[in-house]
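Structure record follows, encoded as structure tokens.
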Amino acid sequence: MSKDRRSSLSAEESGAGGNLGGESLLKKGRWTSAEDAILTEYIKKHGEGNWNAVQRHSGLARCGKSCRLRWANHLRPNLRKGAFTPEEEQRIIELHARMGNRWARMAAELPGRTDNEIKNYWNTRINRMQRAGLPIYPADVCLRVLISSQESLDIGSLTNDFGQHDDVSQTRQF
DNA sequence: AAACGACACAACCGCAACGCG
DNA sequence: ACGCGTTGCGGTTGTGTCGTT
């Protein structure tokens with residue numbers, strides 16, 4: 001089912017002509033360092049945002065979506081690359097217990113980390129846990145989240161704040 | 001040394017939300 | 001109020017690497 005797609009994705013080194021065959025002239029697949037340089041240079045000059053304009057004016061054969069993703073996940077400054085620290089892992093588990101699959105929100109709580117990174121980490125972790133028959137959330141995390149969600153509920157009932165109601169429902173899962 | 005599976009990472013797709021004319 | 005283009009998010013898939021058999 002996916003063979004054709006696979007071959008088009010691995011066409012990176014065919015360079016600019018990589019996947020230009022279809023009705024669109026936009027390239028797909030892995031980014032080259034040359035493309036990275038063009039995108040970085042463009043954003044330095046014009047700033048972030050307006051991604052379709054990036055596509056039109058940068059000379060890149062990439063759709064705006066792809067440019068945005070590349071910038072957000074790899075090129076923007078202050079990105080933390082490398083493995084998650086134990087502290088970050090702990091934080092992710094807690095955040096997921098509270099928020100569920102709100103990757104972008106979780107990324108906002110972890111400076112320098114991207115939603116994609118967190119999502120990837122979580123998905124492989126989930127797979128591993130499920131295969132091992134282990135609980136997804138450690139007991140101490142369950143407890144801590146439960147406590148903090150109750151506190152926020154109390155606060156919410158006092159201040160009539162919006163609270164994190166779906167978070168509470170998430171905590172019911174375990 | 002080769003085959004295989006698990007894992008980590010990168011990127012695409014579809015959809016919903018948003019802003020603007 | 002509505003349509004349209006743009007953006008952001010979450011899910012999914014593809015690919016490379018590494019360890020195990």
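So you know, we letter chains A, B, ... as the sequences are listed, proteins then strands, and number each from 1.
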Does [X] make a side-chain N or O approach to OP1 or OP2 of [N] shorter than 4.0 Å?
| X | N | value |
| --- | --- | --- |
| His74(A) | dA11(B) | yes |
| Lys28(A) | dG14(C) | no |
| Arg30(A) | dC9(B) | no |

Below 3.5 Å between N/O atoms, which protein atoms pair up with nucleotides 4-8 of chain B? Just atom names and distances, please.
residue : atom : partner   : partner atom : Å
dC7(B)  : OP2  : Arg131(A) : NH1          : 2.5
dC7(B)  : OP2  : Arg131(A) : NH2          : 3.2
dA8(B)  : OP2  : Thr124(A) : OG1          : 3.2

For each nucleotide in nucleotides 5-11 of chain C, reading 5' to 3', give B when a protein heavy atom comes within less than 4.0 Å of its base, S when such contact involves only the sugar-phosphate, and - otherwise. -SSBBBB

Whole Å only: how far is the CZ atom of Arg76(A) from the C1' atom of dA10(B)? 15 Å

To the nearest Å, how far apart are Glu35(A) CD and dA10(B) P? 15 Å

Spacing of CZ belonging to Arg91(A) relative to CZ belonging to Phe84(A), to within rounding of 0.5 Å: 13.0 Å

Go through the structure and list residues passing side-chain hydrogen bond (donor to acceptor under 3.5 Å, both in side chains) with [X], not counting sequence neighbours.
| X | result |
| --- | --- |
| Arg128(A) | none |
| Arg68(A) | none |
| Gln55(A) | none |

Is the NZ atom of Lys81(A) crowded by more than 12 outside heavy atoms at less than 6.0 Å? yes

So, does Arg76(A) use its side chain to make a donor-acceptor pair with the main chain of Ala72(A) at under 3.5 Å? yes

Of Lys27(A), Lys28(A), Arg70(A), the one forming a salt bridge (charged side-chain N to carboxylate O under 4.0 Å, His left out) with Glu35(A) is Lys27(A)

The nucleotide from dA10(B), dA11(B), dC13(B) with an atom nearest the side chain of Trp31(A) is dA11(B)

Relative to the ring of Trp122(A), is the ring of His96(A) parallel (under 30°), tilted (30 to 60°) or perpendicular (over 60°)? parallel

Does Tyr42(A) belong to the same Ile/Leu/Val/Met/Phe/Trp/Tyr cluster as Leu69(A), with side-chain heavy atoms less than 4.5 Å apart forming each link? no

Just do the salt bridge (Lys or Arg N to Asp or Glu O under 4.0 Å) check on Glu89(A) and Arg125(A) with the steps written out, would you? CA-CA 10 Å; Glu89(A) 290 181 6; Arg125(A) 182 177 180 276; over 6 Å; no

For Ala107(A) versus Thr114(A), what's the shortest heavy-atom pair and its separation? CB-C, 3.8 Å

Please work out which residues in residues 41-48 of chain A have a non-hydrogen atom less than 4.0 Å from an atom of DNA chain B and list them by number. none

